[in-house]
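Everything on this sheet refers to the single structure shown next.
In each ligand, atom 1 is the first atom listed, and ligand 1 is the first ligand listed. Bear in mind the structure is a predicted one, so any value in this text is a computation, not a measurement. Only heavy atoms go into these numbers, but all of them, side chains included; no hydrogens, no water, no symmetry mates.
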Amino acid sequence: MAKTIITEPSRTLMEYRLLPALTTPESMHGSISLATAIAGDRKGGHLRLNVPVLSAAMQSVSGTRMAIELARLGGAAVIFASQTVADQATMVRAVKSYRAGFVHPRTISPDLPIAEVVKLTDTLGYSTFPVVDESRKLLGLLTRNDFDPVRHAGKRADERMVPRAKLTVGVSIRDLAKAYELLTESHQPVLPIVDEQDGLVSMVFRKDIRDHLDNPDQLLDAKNRFVVFAAINTHDYQERATALVEAEVDALVVDSSDGHSTFQGDALVWLKERFPQVPVIAGNVITGDGFRFLAQRGADAVKVGMGGGSICITQEQKGTGRGLATAVLDVVRARDAYFKETGTYIPVIADGGIETARDITIALAMGADACMMGRYFARMEESPTEKVVVNNRVMKPYWGEGSSRARTWREQRYSQSKFVEGVEGLVEYAGKLKDNLDETFAKIRASMSSCGAPTVRAFQETAVLELVSALSIREGQVHDIYMPPADGSYTDRGWGG
Ligand code: IMP
């Protein structure tokens, strides 16, 4: 007989509802912060997200474009590991080198002939160059407006540049809003940022800054570049993690369908010893024991979920798995106990089967700090796949990392299996990420507001959840009315009206 038989069924997020509490001015929609801890406080403070979502480490979800757009909106993507180490590191570098307001352009020396500057413009595709001496001290700025490519071809850069004395610069500025203020005052198209010794640090372009101000939640690292995470597996993790850390990834995510294993434990110990400064998100687990195992081996955050993913057939194939709500609650209990014992807070990330704002809200209320989603992001313009039209509907392909399509790369996440654990299918195209996330976050804020919670932490501590009956779920859906067809053939004057 089995050691234990739990007779209480495991539950999904869908089976819970929130009870409202007093809404106050502090918990009105506009004052709510969705910022959340994503990796613990083992080494000098938390790594945070400005919004509580991560895109899944999957070929059909998290490429460079998704990573840039999601960081712009405050979350982070986990670049998939089912590709060569070199390709994955290149993706991380591409995100890191994307302009996030503060730009590090090519500098030129004062004696460079204008003819060479023209060549540089042709190859690089831009035409604004800071002129610096050997110690990177700013001497001036040269733009396309400062010379005639033919007449001044033989002149030196410093003969045509706008000299430092005539330039407005920002000294040691890290805040883009402050840079924008100075830029507006200066009437220049670009603002050089220098240190106290006049050494060039970066440049801020007028056209980039608007983009930043339109997206105040942008998730930036200490050098003002977009934050990006990357997945590793328990096979080639030493080589992969080394390359990813060299590419300056912000966190490593061990991608495994069952993280409660000595392989992952050993990998964690190695990673924390080799790269103590890089947060490692471990998982997946679905029990308190699994959580404790990873926490004790140095995990900075733990991912929870098995068998609930939209493309996942693990439960059918292996009989292992658990409803996400029960798994999250079990792990959160273990996390809170671990925090009491050790003083170390380890964020929990709910993963698999999270479809809507409602699911995210319930997971947060249960104590999760963030949610990882695959299907949600696969539907977006920014996912790496091409749109296809099927029966007049615009769709995008979506496949599991354990599906035969992903496994043809190399057996990794599901390497010990002689069978597939995921499927390949299509999801309905949903348009731009920003539009979708704006709506999703508006709904989450509305729930938190109803519950009187101005922050994710307050929400976790004060939320009241109730299990609902199947009939009560039915009552909460549209019922007992006829729905007009979505083809527009019905107006308020009748069908075809
Ligand atoms: P979704 O958000 O419901 O689409 O689930 C995405 C999650 O499913 C990922 O973050 C992984 O944890 C998990 N997953 C990805 N690929 C597979 C697979 O092939 N089989 C089972 N689970 C998978």
Side-chain angles (χ1 to χ4, degrees), residues 12-14 52-62 66 70 75-83 229-233 253-260 264 281-286 290 301-325 327-328 331 348-360 362-363 368 370-380 383-385 396-417 419-428 430 436-437 440:
T12 68
L13 298 174
M14 268 179 263
V53 290
L54 293 172
S55 66
M58 299 172 74
Q59 292 174 349
S60 49
V61 178
S62 296
M66 177 63 74
L70 187 50
V78 184
I79 303 281
F80 57 93
S82 51
Q83 57 178 325
F229 298 176
I232 52 174
N233 53 60
V253 181
V254 190
D255 184 28
S256 166
S257 57
D258 177 7
H260 194 174
Q264 184 155 155
I281 300 174
N284 283 16
V285 296
I286 51 174
V302 170
K303 212 144 61 68
V304 177
M306 184 194 288
S310 57
I311 31 52
C312 176
I313 52 172
T314 303
Q315 298 207 27
E316 281 165 52
Q317 297 278 61
K318 300 198 331 194
T320 51
R322 199 173 202 187
L324 188 58
V328 167
V331 170
V348 164
I349 299 154
D351 173 30
I354 298 171
E355 287 182 33
T356 60
R358 184 199 61 207
D359 295 340
I360 300 173
I362 302 283
C371 292
M372 172 175 272
M373 296 179 289
R375 192 198 73 100
Y376 179 95
F377 290 107
R379 301 172 304 141
M380 305 297 156
S383 74
T385 56
K396 281 196 132 193
Y398 178 44
W399 60 93
E401 289 294 288
S403 67
S404 37
R405 176 158 180 182
R407 282 164 36 131
T408 50
W409 173 73
R410 205 200 287 167
E411 310 276 297
Q412 291 291 359
R413 177 183 169 106
Y414 304 85
S415 66
Q416 283 146 353
S417 329
F419 50 89
V420 294
E421 285 189 49
V423 298
E424 177 178 356
L426 293 165
V427 287
E428 188 133 18
N436 284 275
L437 279 183
T440 296

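- Against a heavy-atom cut-off of under 4.0 Å, Ser403 is close to the following atoms of ligand 1: 19 (O).
- In this structure, a donor-acceptor pair under 3.5 Å is present between the side chains of Asn284 and Asp351.
- Look at Ser257 and you'll find every heavy atom at least 4.0 Å from all atoms of ligand 1.
- The distance from ligand 1 to the heavy atoms of Cys312 drops below 4.0 Å at these ligand atoms: 20 (N), 21 (C), 22 (N).
- Ser403 and Glu424 form no side-chain donor-acceptor contact under 3.5 Å, judged by distance and modelled atom types alone.
- The side chain of Met58, and not its backbone, has at least one atom closer than 4.0 Å to an atom of ligand 1 (non-hydrogen atoms only; side chain from C-beta on).
- Listed by atom number, the atoms of ligand 1 under 4.0 Å from Arg375 heavy atoms are 1 (P), 2 (O), 4 (O).
- Near Glu421, with a cut-off below 4.0 Å to any heavy atom, the atoms of ligand 1 are 18 (C), 19 (O), 20 (N), 21 (C).
- Residue Thr314 touches ligand 1 through its side chain alone, judged by heavy-atom distances below 4.0 Å.
- Counting only non-hydrogen atoms, the option in Arg407, Met372, Glu401 that gets closest to atom 16 (N) of ligand 1 is Glu401.
- Taking both residues in full, the closest heavy atoms of Val427 and Arg375 are given as CG1-CG, 3.6 Å, listed atom of the first, atom of the second, then distance.
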Please walk me through it: do Val420 and Ile313 pass side chain to side chain contact (heavy atoms under 4.5 Å, CB included)? CA-CA 8 Å; Val420 294; Ile313 52 172; 4.1 Å; yes
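- Between Ala56 and ligand 1, no pair of N/O atoms sits closer than 3.5 Å.
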Please assess Val304 against Ile349 for the test side chain to side chain contact (heavy atoms under 4.5 Å, CB included), listing each intermediate value before the final yes or no. CA-CA 6 Å; Val304 177; Ile349 299 154; over 6 Å; no
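- A heavy-atom separation below 4.0 Å is found between Gly353 and ligand 1.
- Every atom of ligand 1 is numbered from 1 in the order shown, and the set under 4.0 Å from a heavy atom of Gly352 is 3 (O), 5 (O).
- Every atom of ligand 1 with a heavy atom of Ile311 under 4.0 Å away is listed here by number and element: 8 (O), 14 (N), 15 (C), 16 (N), 17 (C), 23 (C).
- Per-residue contacts place Gly422 under 4.0 angstrom from the following atoms of ligand 1 (heavy atoms of the residue considered): 18 (C), 19 (O), 20 (N).
- For Gly308, no nitrogen or oxygen atom sits less than 3.5 Å from a nitrogen or oxygen atom of ligand 1, counting backbone and side chain alike.
- Around the CD atom of Glu316, the shell of radius 6.0 Å holds no more than 12 heavy atoms that belong to other residues, nucleotides or ligands.
- Counting heavy atoms closer than 4.0 Å to ligand 1, residue Tyr398 contributes side-chain atoms (C-beta onward) but none from N, CA, C or O.
- When every heavy atom of Pro397 is checked against every heavy atom of Arg405, the shortest pair comes out as CB-NH1, 4.4 Å.
- Of the N and O atoms on the side chains of Thr440 and Tyr376, at least one donor lies less than 3.5 Å from an acceptor on the other residue.
- A cation-pi geometry, defined here as NZ or CZ lying under 6.0 Å from the six-membered ring centre and within 45° of its normal, does not hold between Arg379 and Phe377.
- Taking SG of Cys371 as the start and CG of Leu324 as the end, the distance is 8.0 Å to the nearest 0.5 Å.
- The option with the heavy atom closest to atom 1 (P) of ligand 1, from among Cys371, Ala378, Ser310, is Ser310.
- Within ligand 1, the atoms closer than 4.0 Å to a non-hydrogen atom of Gly309 are 3 (O), 5 (O), 8 (O), numbered from 1 in the order shown.
- Scanning both residues, Asp359 and Leu13, for their nearest heavy atoms gives O-CD1, 3.6 Å.
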